[in-house]
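Okay, so here's the structure we're looking at.
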Amino acid sequence: MVKKNLAKKKLIELRNVHFSYGDNVVLEDVSFSVNAGDYVGVIGPNGGGKTTLLSIMLGLLKPSSGQVLIFGKKLSDLKRERAHIGYVPQRLSQLDANFPATVYEIVASGRTAGNGPFHVFSKNDKDAVERALAIAKIGELRHKLIGDLSGGERQRVMIARSLAGEPQVLVLDEPTTGVDIASQEQFYHFLAELNHQHGLTIIFVSHDIDIVANEVHSLLLINRKVVSYGPAKDMINKHYLDDLYGGKIDFTFHPHHHH
Ligand code: ADP
């Protein structure tokens, strides 16, 4: 989360990546890179390979062929750097939501994740947790049980949990599922702030192109292959979206409301 000296540095790079489940070709010749400071929306139809691509970027799935470089390193050479990619899942699992854990404990667990279960919680760790709570503006919720929060508050907790690990990249998977519109807007505002003020690189996977295209800077349209990748504002009202979604989407672009 350091702004200086990161401009243009390639954080994630895929080169000619192919991926199949058996005979089912899910990704074909996918190449793109995400630079430090980018805010990228990955969109595409259901079954288009978004989740698979996300797992590959996180290093959880190995491509059938092609190369994945994370912070300039091959997956096989990655060690602790893996922790520099923060993953925010769609929602808390039901187990987590019912677990009698406080906001503080959940956020702190983002600190221990990369360090193993027997990691001793240091002053550094505590400071990182406090920063994460402050950035996500959930300090006053710290003693609340996770099960007592609203959907929007839980989302912030999930982000704070990732931030506690001091990631360079935040990867979000359909992050607003089941959250009301007002909370969604606050959430997008918060993400824009993280990107803009804290220089955090964000990759946002969604099928909600209307919202996403108005928030992110670049759009990666994926449907097995990379249909297109470029500035969001150049890509809307183009044939890509018709091709991608079969012309079923009434897509409007609103002026960017970043500050
Ligand atoms: P999206 O996230 O864009 O909906 P996915 O990456 O989830 O797309 O899925 C792409 C394709 O891969 C689909 O055809 C899906 O059926 C298939 N697929 C996804 N996960 C698995 C799996 N674990 N085993 C077999 N096929 C899978």
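We number each residue from 1, following the sequence as shown.
- Once rounded to the nearest 0.5 Å, the distance linking CD of Glu28 with CZ of Arg224 reads 4.5 Å.
- Cluster membership check: Tyr188 shares its hydrophobic cluster with Phe190, using side-chain heavy-atom separations under 4.5 Å among Ile, Leu, Val, Met, Phe, Trp and Tyr.
- Legend: residues meeting side chain to side chain donor-acceptor pair (under 3.5 Å) with Glu185, ordered by chain and number and at least two apart, are absent.
- Looking at residues two or more places apart in sequence or on another chain, you find a side chain to side chain donor-acceptor pair (under 3.5 Å) between Glu130 and Arg142.
- Take Thr52 and apply the side-chain contact (heavy atoms from CB on, under 4.5 Å) test, not counting sequence neighbours, and it matches Phe19, Tyr21, Val26, Leu27, Ile56, Leu61.
- Tracing side-chain contacts under 4.5 Å through hydrophobic residues (I, L, V, M, F, W, Y), one never reaches Leu145 starting from Leu133; they form parts of separate clusters.
- The side chain to side chain donor-acceptor pair (under 3.5 Å) search around Lys137 returns Glu193, not counting sequence neighbours.
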Test log, rule side-chain contact (heavy atoms from CB on, under 4.5 Å), inputs Val68 and Val17 | CA-CA 8 Å; Val68 181; Val17 163; 4.0 Å; yes

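- Here Ser33 pairs with Lys10, Glu13, Asn35 under the side-chain contact (heavy atoms from CB on, under 4.5 Å) rule; sequence neighbours left out.
- If you chain together hydrophobic residues whose side chains sit under 4.5 Å apart, Leu221 and Val25 never meet in one group.
- Under the side chain to side chain donor-acceptor pair (under 3.5 Å) criterion, Lys123 pairs with Asp127, not counting sequence neighbours.
- No salt bridge links Glu153 with Lys144; every basic N to acidic carboxylate O contact stays at or beyond 4.0 Å.
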Full working for side-chain contact (heavy atoms from CB on, under 4.5 Å) between Tyr229 and Ser218 | CA-CA 7 Å; Tyr229 184 33; Ser218 316; 4.0 Å; yes

